[in-house]
Amino acid sequence: MKFFVDTADVAEIRDLAATGMVDGVTTNPSLIAKSGRKFLDVLAEICSVVDGPVSAEVTATDFDGMMAEAARLLEVASNVAIKVPLTWDGLKTCKALSSKGTQVNVTLCFSPAQALLAAKAGAAFISPFVGRLDDISEDGMALIEDIRRIYDNYPGFTTEILVASIRHPLHVVQSAKIGADVATLPPAVLRQLALHPLTDKGLAAFLADWQKTGQSITAAT
Ligand code: G3P
């Protein structure tokens, strides 16, 4: 499973990229606004930190506008993936860009039917928002299961399931059990994945017992 970081906070991206666990980044207009920085500047910096795909979302809602914005965004770096909303203009843009070899991430997906259209449009990634479905008492993970089942019926589909709107580690584990290709994680959730109280307790016990030996692995003998 690939892990993308879902943020435009470059300091967070740098810190997490140093762990070797970051395979890409996703941003959206809200995350860019939260960064307080100019979009093209922060996008260029993110693309310089991470080698993998960096999703940059268009803000136009019409095909011509989306294509014009995509062209500008693609000038920033070679690892920019264009993010478009799951609308008919977004799907038309996805088809046009993907047919020219551009990676497209189709976002704001909330149904299997939408995911089917994105795959037919040649999307590199589909972004189903599991957290926002859970937030309204629908089952976000059921959508991931449905999309996995549909995509597996058609070997010609190359779209990767990029689980988004993740709220906690269980979303990640459940997505991995289903066989989603990518999870895009808020920085805090990525950090949470490694944590367990019994690991902390066990390590403390090991170190306490080791200290009693008075030994040092690296000290000169
Ligand atoms: O990548 C999409 C993600 O940022 C949406 O998450 O928490 O706003 O539902 P959220």
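Start at 1 and go down the list; that is how both ligands and their atoms are numbered. We count residues from 1, following the sequence as given.
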*Give me the one residue out of Asp89, Thr87, Val84, Leu91 that meets side-chain contact (heavy atoms from CB on, under 4.5 Å) with Phe63.*
Asp89
*Nearest-contact summary for atom 4 (O) of ligand 1 - protein heavy atom, Å*: Asp6 OD2, 2.5 Å
*Report the part of Asn28 (side chain from C-beta onward, or backbone N, CA, C, O) that has a heavy atom under 4.0 Å from ligand 1; answer both or neither where that applies.*
side chain
*State, yes or no, whether a side-chain contact exists between Gln192 and Pro186 at a heavy-atom distance under 4.5 Å.*
no
*Around atom 2 (C) of ligand 1, find the nearest protein heavy atom and jot down its residue, atom name and distance.*
Phe129 CZ, 3.4 Å
_Sub-4.5 Å side-chain heavy-atom contact between Arg191 and Glu12_ = yes
*Can a non-hydrogen atom of Lys83 be found less than 4.0 Å from any atom of ligand 1?*
yes
*Give the residue, atom name and distance (to 0.1 Å) of the protein heavy atom nearest atom 6 (O) of ligand 1.*
Ser165 CA, 3.5 Å
_Which residue is it: Asn105, Thr107, Thr184, Asp6? I am looking for the one with a side chain to side chain donor-acceptor pair (under 3.5 Å) to Ser127._
Asn105
*Answer whether the closest heavy-atom distance between the side chains of Lys177 and Met141 falls below 4.5 Å.*
no
*For atom 7 (O) of ligand 1, what's the nearest protein heavy atom and its distance?*
Arg167 NH1, 2.8 Å
*What is the ring orientation for His171 with His168, classed by angle as parallel under 30°, tilted 30 to 60°, or perpendicular over 60°?*
parallel
*Can you sort out which atoms of ligand 1 are near Arg132, meaning under 4.0 Å from one of its heavy atoms?*
5 (C), 8 (O), 9 (O), 10 (P)
